[in-house]
Protein chains: 2
Amino acid sequence: MVSLLPIDESEAADVCTPVAKEALPADEAVALAARLKALAEPARLRLLSVIAAHEGREACVCDLTEPVRLSQPTVSHHLKILVDAGFLTRHRRGAWAFYALVPGAVDELSAVLRTAVDVRSG
Amino acid sequence: MVSLLPIDESEAADVCTPVAKEALPADEAVALAARLKALAEPARLRLLSVIAAHEGREACVCDLTEPVRLSQPTVSHHLKILVDAGFLTRHRRGAWAFYALVPGAVDELSAVLRTAVDVRSG
DNA sequence: GCCACAGATCGACAAATGTCGATCCGGTGG
DNA sequence: CCACCGGATCGACATTTGTCGATCTGTGGC
């Protein structure tokens, strides 16, 4: 029903939505997917894990290239993505750049994920 | 330290690991990243959400193309990815293919994610 | 001032990913 | 049997993504 794929603009103004519960809005889906994309990479998961295992939950780049077996530019690239997504913070100490876990970031993401996608049997 | 990026095979046999806690093993990271990748896409998040909002937590493809505004082949493609990742099941009923949520899948993923990456302050 | 080193950025490149139209498959109903 | 409809698969294509070597930036020591 509803034809196949009209995508005509005439239905843009839907006064009353016949759908029972509205799904994830497109912009929310994009935002959530962006954060998930930051985690959906083996190297980045391992980077987070290595940092979490370090004392003080922080590490500099030179401590990270060897465990993940990647070049320094590649590690820097992944770290930037994790910082931009809010999972890490960066602060310089002397010549080194230290990356530290943002404490509740992963927890909060998984909570949002559950409420946005799964049961929500309200 | 440890030089820059040797990647020589001589250290493959590490009898005693000097690292305090071992990070995510590479294969585990790949497996977890694969499941996260399946969710890290706006269209797929919305598909899951639309299915979750349907009565009986299941829907056929014809009910899904319109909410996500994508062509039928693209929707089928995304659904296959979600099935392969274990978030949906597919079963035919007459001419239609019904996709249903796997109840605890997202919950379990977020639990694994937390324990694998985040605090684990043990 | 200059050199050495940690790290970021750039440019290039291969591989993976999202999207669609066209086509193929498989039930339903005439 | 044939037409039709829901859905899967295929082939093509543009975009994104991961990776690296080369280079730039910036900090500290001499």
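Just so it is clear: chains get the letters A, B, ... in the order the sequence lines come, proteins before strands, and each one is counted from 1.
For DNA chain D, no neighbouring residue in residues 30-45 of chain B is found when judged by any heavy atom under 4.0 Å.
Grouped by direct or indirect side-chain proximity (heavy atoms under 4.5 Å, Ile/Leu/Val/Met/Phe/Trp/Tyr only), A:Val30 sits alone. Hydrophobic cluster membership of A:Trp96, counting Ile, Leu, Val, Met, Phe, Trp and Tyr whose side-chain heavy atoms lie under 4.5 Å apart directly or via other members: A:Phe98.
Comparing the start and finish of the helix from C:dG1-D:dC30 to C:dG30-D:dC1, five pairs each, the helix axis swings through 20°, to the nearest 10 degrees.
Under the salt bridge (Lys or Arg N to Asp or Glu O under 4.0 Å) criterion, the residue pairs touching residues 74-88 of chain A are A:Lys80-A:Asp84, with sequence neighbours excluded. The list of salt bridge (Lys or Arg N to Asp or Glu O under 4.0 Å) pairs with a residue in residues 38-52 of chain B, not counting sequence neighbours, is empty.
By the side chain to side chain contact (heavy atoms under 4.5 Å, CB included) test, B:Leu79 is found to be paired with B:Leu47, B:Ile51, B:Val61, B:Leu64, B:Val75, B:Leu88, B:Tyr99, residues two or more places apart in sequence or in another chain being considered. Every side chain to side chain contact (heavy atoms under 4.5 Å, CB included) that A:His77 has, sequence neighbours left out, goes to A:Ile81. Legend: residues meeting salt bridge (Lys or Arg N to Asp or Glu O under 4.0 Å) with A:Glu108, ordered by chain and number and at least two apart, are A:Arg35. B:Thr89 is linked by a side chain to side chain donor-acceptor pair (under 3.5 Å) to nothing, counting only residues two or more places apart in sequence or in another chain. B:Glu58 pairs by the salt bridge (Lys or Arg N to Asp or Glu O under 4.0 Å) definition with B:Arg93, not counting sequence neighbours.
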Are there any protein N/O atoms within less than 3.5 Å of an N/O atom in nucleotides 8-10 of chain C, and if so, which ones and at what distance?
{"from": "C:dA8", "atom 1": "OP1", "to": "A:Arg90", "atom 2": "NH1", "distance (Å)": "3.0"}
{"from": "C:dA8", "atom 1": "OP1", "to": "A:Tyr99", "atom 2": "OH", "distance (Å)": "2.2"}
{"from": "C:dA8", "atom 1": "OP2", "to": "A:Ser76", "atom 2": "OG", "distance (Å)": "2.1"}
{"from": "C:dA8", "atom 1": "N7", "to": "A:Gln72", "atom 2": "NE2", "distance (Å)": "2.7"}
{"from": "C:dA8", "atom 1": "N6", "to": "A:Gln72", "atom 2": "OE1", "distance (Å)": "3.3"}

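Listed for the A:Ser110 side chain is a donor-acceptor partner under 3.5 Å among the backbone atoms of A:Val106.
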